[in-house]
Amino acid sequence: MRLMMKVAIPAVAENPVVGDPKFNEKLHGLFVELGAQKIYTRMAEGRRFDYAIFDIQDPSRIFAIAKPVSVWLRVKPEFMPDTITRSAG
């Protein structure tokens with residue numbers, strides 16, 4: 001099943017790791033390491049959101065994917081069915 005993980009990127013004041021000059025590179029690398037097939041970034045409501053698309057055969061992998069992101073960024077990733085990129089492409 002294809003799922004989209006939505007991550008609200010914290011501000012530097014909320015988590016100093018975001019201020020690292022190599023933050024984007026590290027985040028992208030983490031998503032790829034976790035098996036992301038596509039990665040998107042957008043601004044909404046004055047905040048940056050990153051989206052990663054995963055093809056997950058075993059739903060128990062959701063926790064294994066979310067945990068490193070959650071621990072590193074101190075945020076709660078959201079998972080939802082990938083209906084957006086499927087219909088667009």
Side-chain angles (χ1 to χ4, degrees):
M1 95 181 107
R2 281 175 57 101
L3 294 177
M4 179 168 58
M5 178 175 67
K6 176 181 176 183
V7 180
I9 305 300
V12 175
E14 297 168 312
N15 187 341
V17 74
V18 178
D20 181 339
K22 293 190 177 195
F23 172 74
N24 290 329
E25 182 181 328
K26 290 177 181 179
L27 181 61
H28 186 272
L30 176 60
F31 285 161
V32 169
E33 182 181 315
L34 293 172
Q37 296 177 336
K38 295 180 182 177
I39 303 163
Y40 303 93
T41 299
R42 76 178 202 119
M43 294 296 292
E45 303 163 13
R47 176 163 288 246
R48 174 181 161 181
F49 290 89
D50 278 31
Y51 301 85
I53 307 300
F54 294 91
D55 188 13
I56 300 173
Q57 300 305 316
D58 179 4
S60 68
R61 285 233 337 108
I62 293 172
F63 180 75
I65 292 169
K67 185 172 182 177
V69 175
S70 180
V71 169
W72 185 46
L73 295 178
R74 293 184 251 159
V75 298
K76 182 180 177 186
E78 296 177 51
F79 285 85
M80 58 203 80
D82 174 32
T83 56
I84 297 169
T85 61
R86 252 187 214 271
S87 62

So if you build clusters from Ile, Leu, Val, Met, Phe, Trp, Tyr with side-chain heavy-atom gaps below 4.5 Å, do Leu34 and Met1 land together?
->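 Linked within one cluster.
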Sequence neighbours excluded, every pair satisfying ring pair (Phe, Tyr, Trp, His ring centres under 6.0 Å) that has a member inside residues 8-38 = Phe23-Trp72
Please name the pair of heavy atoms, one in [X] and one in [Y], separated by the smallest distance, quoted to 0.1 Å.
X     : Y     : result
Ala44 : Phe49 : O-CE1, 3.4 Å
Asp20 : Lys22 : OD1-N, 2.8 Å
Ser70 : Val75 : OG-O, 2.9 Å
Pro77 : Val69 : CG-CG1, 3.9 Å

Side-chain contact, heavy-atom cut-off 4.5 Å: Leu27 with Ile9?
->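 In contact.
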Please report the interatomic distance [atom1]([X]) to [atom2]([Y]), rounded to the nearest 0.5 Å.
X     : Y     : atom1 : atom2 : answer
Leu30 : Leu73 : CG    : CG    : 8.0 Å
Met5  : Met80 : CE    : CE    : 10.5 Å
Gln37 : Phe54 : CD    : CZ    : 9.0 Å

Any pair counted as salt bridge (Lys or Arg N to Asp or Glu O under 4.0 Å), so long as it reaches residues 4-16, sequence neighbours left out |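 Listed by first then second residue: Glu14-Arg47.
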For residues 64-79, which residue pairs qualify under salt bridge (Lys or Arg N to Asp or Glu O under 4.0 Å), counting only residues two or more places apart or in two chains?
-> none
Quick check: does any side chain N or O of Asp82 sit under 3.5 Å from a backbone N or O of Arg2, one acting as donor and the other as acceptor?
-> no
